[in-house]
Each structure stands twice: as structure tokens, then as C-alpha cells.
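Written out below as C-alpha cells is the structure these notes cover.
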2 protein chains.
Amino acid sequence: MVAVTGTRPGRRPTIVDVAAAAGVSKSLVSLALRGDPGVSEETGARILAAADRLGYRSNRLARGLVQGRTMILGVLLTDLANPYHTEVVAGVEEAAEARGFTVLLAHGRRDRERLEHQLDSLLQLNVDGVVVVSSWLGAAALADAARRVPVVMVGRPREFAPGVDTVANDDEAGARAAVRHLLELGHTRIGHLAGSGSPSSRSREAGYRETMREAGLAEEVLVRPVGDDRDRAAAELLAQGPGAVFAVNDLAALAVLDHAPPEVSVVGYDNTSLAEVTRPRLTSVDQPRAIMGRLATELLWERMGGRTGDRHEVLAPALVVRDSTAPPGERRECGAP
Amino acid sequence: MVAVTGTRPGRRPTIVDVAAAAGVSKSLVSLALRGDPGVSEETGARILAAADRLGYRSNRLARGLVQGRTMILGVLLTDLANPYHTEVVAGVEEAAEARGFTVLLAHGRRDRERLEHQLDSLLQLNVDGVVVVSSWLGAAALADAARRVPVVMVGRPREFAPGVDTVANDDEAGARAAVRHLLELGHTRIGHLAGSGSPSSRSREAGYRETMREAGLAEEVLVRPVGDDRDRAAAELLAQGPGAVFAVNDLAALAVLDHAPPEVSVVGYDNTSLAEVTRPRLTSVDQPRAIMGRLATELLWERMGGRTGDRHEVLAPALVVRDSTAPPGERRECGAP
DNA sequence: AAACGCGCCTGGAACGTTCCAGACGATTGT
DNA sequence: ACAATCGTCTGGAACGTTCCAGGCGCGTTT
């Protein structure tokens with residue numbers, strides 16, 4: 001399996017090698033490999049056979065260079081370990097694949113500078129579009145990228161970048177649904193373990209406050225930002241004696257569950273895979289992540305088709321009720337069923 | 001911010017545009033942008049300024065084409081959602097970055113055919129090396145890829161592919177450590193919820209059987225394969241009344257925890273992020289994933305440097321003791337501390 | 001004074017593909 | 001019989017870089 005006849009030694013075979021082996025011009029090889037109808041059946045078969053024999057693989061760099069597009073979509077992630085992100089990616093991949101694109105992921109590893117660097121790498125590769133699954137990237141960097149290639153951001157940006165479409169869920173509505181669920185169970189003393197000032201977390205907090213006010217419970221509003229130390233924040237919030245807690249995300253909710261007596265109901269946000277796995281299983285607000293990913297890809301597609309105006313899509317989340325919520329005074333279950 | 005002077009309209013600026021703007025040859029621009037010492041300080045500054053003004057970004061396709069290498073490492077993953085994988089990736093990224101490589105990820109989405117397709121995509125991109133974090137890929141596909149570019153597989157292959165280095169943990173040793181821990185706590189009736197025949201799971205089962213035999217407990221050996229329905233398998237295993245269970249991985253361990261009375265001790269394998277999050281927190285065998293990722297990158301590096309013989313590295317795992325194991329008869333804790 | 005070395009710069013040839021204009025026979029239409 | 005058309009196929013020009021051989025001016029050595 002070492003030296004295959006017809007190939008220059010030590011080099012990967014090119015279209016020219018295949019052409020020589022099949023006794024035709026390189027142009028015809030190119031046509032044949034792409035299945036062009038203007039190639040006679042017999043010659044086509046011979047070319048394919050030769051390519052196969054030589055172990056030829058097309059060189060995407062060269063193709064991309066001459067065509068000016070690569071049929072590659074780049075996905076930029078802050079944090080691979082975040083299950084929220086990965087489900088969005090699955091949606092992107094599905095839609096991209098259907099349109100013949102290859103998806104490559106670049107990873108920022110929770111570091112803003114690295115994130116910008118990775119975005120740059122993708123641009124240098126001439127990807128045909130970028131989906132950014134991160135709120136960490138600044139509007140300037142995003143807008144700059146959008147000047148060269150379609151860019152969609154999944155999530156809620158601090159600031160809208162011109163030329164960049166966005167896909168987000170309606171955080172305020174999700175928060176409302178969570179709080180309403182607790183109200184309907186009969187809770188009144190509902191606290192909120194809040195986020196750290198990101199646009200999403202602010203909307204969630206606003207939804208919480210609003211719903212409490214509408215229920216005539218403005219005095220019961222109890223908010224504690226989660227800060228750096230989730231456990232401390234959870235403990236301090238619980239020290240105020242709420243009957244239920246709406247947490248800004250699942251991890252925060254877990255911290256609450258950990259410190260709360262079993263009568264306290266807890267709702268999370270994001271419906272990550274954690275929610276299924278913990279005991280009690282966590283009631284949580286689900287973002288339609290796969291759909292968001294698909295939609296992001298469609299927005300890219302539209303941009304490639306020439307759309308110029310910016311679009312900002314907001315999707316409705318849905319509450320998923322599990323075992324961590326119960327009427328006041330009832331114990332959540334714990335451990336084996 | 002629309003039409004920048006000096007750029008041909010509608011095209012991204014190239015090195016030639018920069019050259020024209022700075023009044024030098026394209027060759028000099030190339031040298032200047034790469035920081036070649038043979039460029040006078042003054043001219044260099046002028047070129048950089050021009051590049052900046054035009055918003056120039058180097059084209060990696062063209063560079064890769066002429067240099068024959070891309071300074072990109074590809075990582076092929078079966079399953080993004082698997083936290084085991086993502087930590088390996090972090091290790092790869094760290095080591096790759098230190099050597100000036102960019103890491104791009106391709107995702108097989110738990111589909112073998114897609115996995116092969118993605119591998120092909122990476123090869124077409126002329127990546128300088130591939131780390132495969134998956135046991136799904138056949139030896140033939142791996143060997144084929146290894147013929148064009150260095151390939152390292154992280155995990156235990158069903159069959160060693162020629163030309164492909166591997167990095168794995170010592171599953172048998174890990175299993176021994178887990179079982180010994182249970183023995184030391186005083187357990188004798190130790191069951192095993194086994195995997196589905198992958199090389200890793202077979203080694204883990206072997207380690208279990210061996211250790212039981214050495215402890216004179218050959219008669220107590222109790223093995224149930226996990227199959228498709230984890231919950232059923234766990235319930236059936238528990239119906240045999242073991243005092244402790246060593247499970248083939250964390251997810252299987254969780255299924256056992258779910259159905260077991262609190263006196264039953266449980267050990268998992270892989271020490272995924274789940275282990276920290278469940279209650280009781282799961283005792284589990286940890287693979288040094290980040291180190292495995294780094295090592296994989298180093299093996300690639302060696303191959304690039306010309307090594308030809310195959311290397312198969314096996315790293316020692318370590319047991320992480322948490323709350324899911326206790327002496328026989330004692331209750332594991334549950335819920336708040 | 002010629003030769004050499006050095007710092008700085010340039011033009012053209014790669015790299016592997018696709019695109020384009022057109023060549024060559026054979027067939028068809030008038 | 002001649003032009004037009006069609007099905008196949010070809011050679012060269014892109015694409016945007018890097019690499020290479022060398023050029024020019026100037027100071028230093030022989």
C-alpha cells in the first residue's frame with residue numbers, strides 16, 4: 001500500500017495525476033468527479049476508477065480558492081462543556097447538512113480573546129457563514145465579521161451589532177411561565193436567584209418582578225444575585241425563608257435544591273440535561289434549542305441569498321414540569337421512587 | 001464603512017490591494033505581515049497601516065495551498081453532548097495552541113457514516129493532523145486517513161489500525177481500583193452492571209471479575225449487561241440483592257442509584273460532570289482526560305517530526321471517592337447536608 | 001578599482017482546483 | 001454540399017498566497 005503507480009512519490013495525488021492515469025485532461029477529471037452530465041459514461045467510469053485506484057481526494061483549499069466559497073459553515077462556541085450550546089449546534093448541523101454545507105466548530109474556551117481569535121481563524125478559512133453561540137463576543141468584533149460573511153448570533157447580545165442577525169428565546173415570557181406555575185401551585189413567598197447582569201438574566205428577573213407585581217405580591221419580591229459563589233448565594237436566599245425559588249438557570253437551581261428543605265419548590269431555566277438527572281428531577285424552562293439552531297442556519301441562508309436588513313427572531317420557551325415543584329408544604333420526593 | 005478606497009469593489013482586499021495601497025510589491029507585503037526581519041521598520045509600519053486601513057485578512061486557503069500545510073488540527077468527535085469527550089478536547093486545544101495550531105472540531109452526531117464523512121472533510125481541508133475521539137470509526141477508515149496525515153485515536157479501538165497511535169486509560173486497573181475500594185469498605189456481595197461489548201467495557205468487566213476472584217469471592221460474581229434499557233437492567237441487577245454495584249459508566253451508575261435502597265454503595269466510571277451534580281455525589285473512576293488530550297497532540301507532533309512506528313499509550317485512572325459509597329449497612333446521604 | 005557582502009526589495013513560478021473559450025468530429029437541417 | 005448544432009473534450013487563465021532567484025544601491029574588503 002505504499003507507492004501507487006502513477007503518483008509522484010511522496011505527494012498526495014492530484015487531479016493531474018488522475019488525469020494522467022486515465023489518459024484525459026485535468027479539466028475533464030474535474031468535470032467527471034463533480035458528476036457533470038457532459039462527460040461520456042465510459043470516460044467518466046474510467047476516470048472514477050483511476051481516482052479510486054490512486055486514492056485521490058479533492059483538495060478543498062484549492063477549490064475554495066477558485067470558487068470563492070467553501071461550503072463550510074463555522075460555529076463559534078464559548079463553552080463546549082455547556083449542554084445548552086451543544087444542542088443548538090445539533091440544530092445548526094441538521095439544517096446545514098440539508099443544504100450541503102459542512103459544519104466546523106471553533107471553541108473559545110470561556111475566554112473572550114481566544115473567542116475573537118477563533119472567529120478570525122474561521123474568517124481566514126473563508127467559511128461561507130458563521131453562527132456564534134456565545135454572548136461574550138463584542139458588537140464590534142461581530143459587526144466586523146459580518147462585513148465579510150453572514151453572521152448569526154444565537155442568544156441575546158448586550159448590544160445589537162449591525163449586519164448581525166440574532167435568534168433568542170423570550171426570557172421574560174419564560175420567567176413569567178415559571179413564576180405563574182409556582183403561583184398556581186399556591187406559592188406566594190417566591191424568591192429569585194438572579195444572574196449577573198447579562199441581558200438574558202436581566203429579562204428573566206424583569207419577568208419575575210412583573211409577574212409578582214401582577215399577582216399583587218410586590219412586597220414578597222425577594223432577589224439575590226448569584227455572584228461567584230452559587231452555594232453561598234443559595235444559602236443566603238433561603239435564609240429569608242421563601243416557599244419557592246425561581247433560579248436564573250439550572251446550575252443555580254441545583255445549588256438551591258442542595259441547600260433547601262424538601263418543602264421548598266425550585267424552578268430552573270434552560271432545561272439542560274442536568275434537569276433529568278438530578279433527584280428530584282428539576283422543573284425547568286426549556287428553550288427550543290434545536291429549532292433555534294435550525295433557524296440560525298436559515299437566516300444565514302437568506303443572507304447568502306442577498307437579504308440585507310437585519311432580523312432578530314425571538315422564540316417562545318416552554319415550561320417543563322418535573323419533580324422539584326409541589327404545592328406549599330408538600331415534600332418533594334428524594335431518591336428512589 | 002462601505003467602499004474603502006484602494007480595494008476593488010465587492011471583493012475582499014487581498015495582499016495585492018495592500019501592496020498597491022502601500023506602494024510596494026506583494027512579496028514585501030507578505031514578508032511584512034509575517035514579521036520577517038528583512039523588512040525595514042519604516043516600510044513595515046506603512047504596510048501594516050495599509051493592511052489595517054483596508055481591513056485586510058490573510059486567506060488561509062491560499063496560504064495552505066502553497067505551503068502544503070495549514071497549521072490546523074482537526075478533532076473528530078462522536079458526540080458533543082458527552083462531557084467525557086469535551087474534556088479531552090480541552091487538553092488537545094491547550095497543547096495545540098502552545099504549538100501554534102488552530103483546532104477545529106467536526107462532529108459525527110453518533111452516526112458512523114457521518115463520522116466518516118466528517119473525517120473526509122477534515123482531510124480535504126488539508127489539516128495537519130487529526131485527533132479522533134470516538135471508538136466508532138472502523139480501522140479501515142482510520143488507516144486510510146493515517147496514510148495522508150498523522151492520526152491519533154483517543155480511546156480503545158476494537159482493532160488497532162496501522163499507522164494510528166492511540167491514547168487510552170487502563171480500564172482494567174480502573175475497575176480493580178473501584179472493586180478494591182468496595183472490598184475495603186467491607187462489601188462482599190458486589191455486582192457489576194456491565195457495558196455492551198466495547199473493548200473498554202470488556203476490560204472493565206475483566207478487572208471486576210479478576211479482583212473478585214483474587215479476593216476469594218468468585219462465587220459472588222454477579223454481572224448484568226446494561227443493554228438498551230438502563231433502568232430495567234439496574235432493577236434486575238438489584239433484585240439479586242447485592243450490597244454494592246460497580247457500574248460500567250456514570251450513567252449506568254445513576255440508573256442503579258435511582259433504583260437502589262440507600263444502603264447499596266455504587267461506583268461509576270468516567271467521573272463525568274454528572275458525578276458532582278447528583279445526590280448523593282457519585283464515587284467514580286476518573287480518566288485523566290485533559291492529559292490524554294495533551295498526549296494525543298504530542299503524539300501527532302512526533303509524527304509530524306517523522307516518527308514512523310506506532311505508539312499506544314495507556315494512562316492510569318484514579319478513583320475519586322464521593323458520597324455514593326459507604327460501609328455495608330450504612331446509609332448514603334441524600335439531599336441537603 | 002574591482003570584488004564582495006548586506007540590507008532591502010521585486011517579479012515570476014509554484015500550489016490544486018474551477019472556469020471559460022473554444023477545438024474537434026459526428027450528426028442534423030436546409 | 002454546406003452550415004449549424006451537439007456531445008466531448010482540451011488548454012490556459014484565474015484564485016491569493018508563499019517561495020525562490022535575483023536586482024539594486026551602498027559600504028567594506030582585497
Side-chain angles (χ1 to χ4, degrees), chain A residues 7-8 10-48 50-51 54-72 121 123-128 148, chain B residues 7-8 10-48 50-51 54-72 121 123-128 148:
Chain A
T7 312
R8 286 163 298 169
R11 292 214 129 283
R12 298 168 44 160
T14 75
I15 208 175
V16 180
D17 300 313
V18 178
V24 295
S25 74
K26 61 174 174 32
S27 306
L28 196 58
V29 174
S30 173
L31 292 172
L33 291 176
R34 282 176 294 157
D36 188 287
V39 178
S40 78
E41 200 159 328
E42 189 206 326
T43 320
R46 201 174 65 227
I47 294 174
L48 256 55
L54 297 186
Y56 169 79
R57 234 109 160 180
S58 76
N59 183 328
R60 227 164 158 153
L61 298 181
R63 181 199 295 240
L65 190 57
V66 57
Q67 292 200 135
R69 72 205 157 96
T70 49
M71 294 305 280
I72 295 176
S121 293
L123 295 182
Q124 288 180 8
L125 250 189
N126 272 28
V127 295
D128 292 340
R148 346 180 87 78
Chain B
T7 313
R8 286 161 299 169
R11 291 215 128 282
R12 297 167 46 159
T14 75
I15 207 176
V16 180
D17 300 313
V18 177
V24 296
S25 73
K26 61 174 174 32
S27 306
L28 196 57
V29 174
S30 173
L31 292 171
L33 292 176
R34 282 175 295 158
D36 189 286
V39 179
S40 78
E41 200 158 331
E42 188 206 325
T43 320
R46 204 174 63 225
I47 292 174
L48 257 55
L54 298 186
Y56 170 80
R57 234 110 160 181
S58 76
N59 182 329
R60 225 163 159 155
L61 299 180
R63 181 198 295 239
L65 191 57
V66 57
Q67 293 200 135
R69 72 203 159 99
T70 50
M71 295 305 279
I72 295 176
S121 293
L123 295 182
Q124 289 180 8
L125 250 188
N126 272 27
V127 296
D128 292 342
R148 348 180 85 78

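Order of the sequence lines fixes the chain letters, A, B, ..., with proteins taken first and strands second; residue numbering starts at 1 for each chain. Bear in mind that the values here come from a model prediction, so they are computed numbers and not experimental data. Note: hydrogens, waters and symmetry copies are ignored here, and every other heavy atom, side chains too, is used.
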> What do the steps show when you test B:Y56 against B:L33 for side-chain contact (heavy atoms from CB on, under 4.5 Å), and what is the final call?
Replying inline: CA-CA 10 Å; B:Y56 170 80; B:L33 292 176; 3.4 Å; yes
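Distances shorter than 4.0 Å separate some side-chain N or O of B:S40 from OP1 or OP2 on C:dC9. For A:T14 and C:dG16, the shortest distance from a side-chain N or O to OP1 or OP2 is not below 4.0 Å.
Atom-to-atom, CG of A:D17 to P of C:dC15 comes out at 11 Å; the value is rounded to the nearest Å. The CG-P distance, from B:L28 to D:dC20, rounds to 17 Å in whole Å. Between B:D36 atom CG and D:dC20 atom P there is a gap of 13 Å when expressed in whole angstrom units. Counting to the nearest Å, the P atom of D:dT18 and the CG atom of B:L33 are 8 Å from each other. Between the CD atom of B:E41 and the P atom of C:dC9 there is a distance of 12 Å, rounded to whole Å.
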>> Each nucleotide in nucleotides 19-28 of chain C should get exactly one letter: B, S or -. Can you fill that in based on protein heavy atoms under 4.0 Å?
In response: B---------
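Taking every heavy atom of both residues into account, A:L61 and B:G64 meet most closely at CD1-C, 3.8 Å. In plain terms, the two heavy atoms of B:R57 and A:L123 that are nearest each other are NH2-CD1, 3.8 Å. Across B:L54 and B:A21, no two heavy atoms sit closer than the pair CD1-CB, 4.2 Å.
Atom-to-atom distance recorded for B:I72:CD1 and A:Q124:CD is 9.0 Å, nearest 0.5 angstrom.
In this structure, the side chain of B:T70 engages the main chain of B:N126 through a donor-acceptor pair within 3.5 Å.
Both B:G38 and A:I15 lie close to DNA chain C; mapped to their nearest nucleotides by heavy-atom distance, the more 5′-ward contact belongs to B:G38.
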Determine all donor-acceptor pairs shorter than 3.5 Å in which one atom belongs to a side chain in residues 41-48 of chain B; sequence neighbours excluded.
residue : atom : partner : partner atom : Å
B:T43   : OG1  : B:S40   : OG           : 2.6
B:R46   : NE   : B:A22   : O            : 3.1
B:R46   : NH2  : B:A22   : O            : 3.1

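Sorted by first and then second residue, the pairs that involve residues 18-33 of chain A and meet side chain to side chain donor-acceptor pair (under 3.5 Å), not counting sequence neighbours, are A:S30-A:R34.
The bend of the helix from C:dA1-D:dT30 to C:dT30-D:dA1, defined by the angle between the axes of its first five and last five pairs, stands at 60° to the nearest 10°.
Near-neighbour residues of DNA chain C inside residues 56-65 of chain B, defined by a heavy atom below 4.0 Å, number-ordered: B:L65.
Partners of A:R63 by salt bridge (charged side-chain N to carboxylate O under 4.0 Å, His left out), not counting sequence neighbours: none found. The side-chain hydrogen bond (donor to acceptor under 3.5 Å, both in side chains) test applied to B:R69 returns no partner, not counting sequence neighbours.
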Protein-nucleotides 22-28 of chain D N/O pairs closer than 3.5 Å?
none

